[in-house]
Amino acid sequence: MNAPLAFSVLSAAIAPFACGFVIAVALVWAVWMGIRVRRREPDPPRPAEQPKLPPSGPVREVREVREPDEVPKADDHHARLTPHELRGHGNMSTKRSENQKPRRWSRNSSGGFGSGGPGRT
């Protein structure tokens with residue numbers, strides 16, 4: 001009867017130690033791999049290699065109202081246009097709008113659904 005009890009006490013003492021040892025080995029391996037990867041990376045740039053401002057000074061943000069270009073009409077022999085036939089290869093291009101006054105919400109509009117505004121009356 002003493003053998004099963006002794007085995008369970010011994011396994012209860014060894015199992016946490018073995019788990020801790022496996023975790024410690026995994027952490028040491030991860031640090032070692034991190035050091036190896038870091039050695040292969042290029043050095044950080046020196047102060048002389050850092051980007052510099054252009055002589056004209058910092059570039060400022062340009063705010064302007066843009067509007068999309070019109071989609072060209074299909075020819076008679078084409079039923080529809082495919083993406084490669086569009087300007088910009090299917091990407092929607094824009095142009096500067098003649099009216100540069102920014103659009104504002106209508107005074108009687110609530111904005112968005114559920115925004116808590118009074119709504120249109």
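Residue numbers count from 1 along this sequence.
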> For Asp43, which residues count as a side-chain contact (heavy atoms from CB on, under 4.5 Å) partner, sequence neighbours excluded?
Replying inline: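 Asp43: no side-chain contact (heavy atoms from CB on, under 4.5 Å) contacts found.
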Which ILVMFWY residues can you reach from [X] by hopping between side chains whose heavy atoms are under 4.5 Å apart?
X	value
Phe21	Val25
Leu53	none
Trp32	Trp29, Met33
Ile35	Val31

>> By the salt bridge (Lys or Arg N to Asp or Glu O under 4.0 Å) test, which pairs, at least two apart or in different chains, include something from residues 49-63?
In response: Arg46-Glu49, Glu61-Arg63
>> Applying salt bridge (Lys or Arg N to Asp or Glu O under 4.0 Å) as the test, list every pair that has at least one member in residues 10-30; sequence neighbours left out.
In response: none
>> Using the salt bridge (charged side-chain N to carboxylate O under 4.0 Å, His left out) criterion, which residues pair with Arg38? Sequence neighbours excluded.
In response: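 Arg38 satisfies salt bridge (charged side-chain N to carboxylate O under 4.0 Å, His left out) with Glu41 only.
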>> My understanding is that only residues two or more places apart in sequence, or in another chain, count here; which of them pass salt bridge (charged side-chain N to carboxylate O under 4.0 Å, His left out) with Arg36?
In response: none
>> With a 3.5 Å distance limit and no angle check, can you tell me whether Gln100 reaches the backbone of Val65 through a side-chain donor-acceptor pair?
In response: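 Flag set: sc Gln100 to bb Val65 pair under 3.5 Å.
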> Sequence neighbours excluded, which residues qualify as side chain to side chain donor-acceptor pair (under 3.5 Å) partners of Arg39?
Replying inline: none
> About how many Å separate CD of Glu67 and CZ of Arg96, when rounded to the nearest 0.5 Å?
Replying inline: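 The CD atom of Glu67 is 10.5 Å from CZ of Arg96, to the nearest 0.5 Å.
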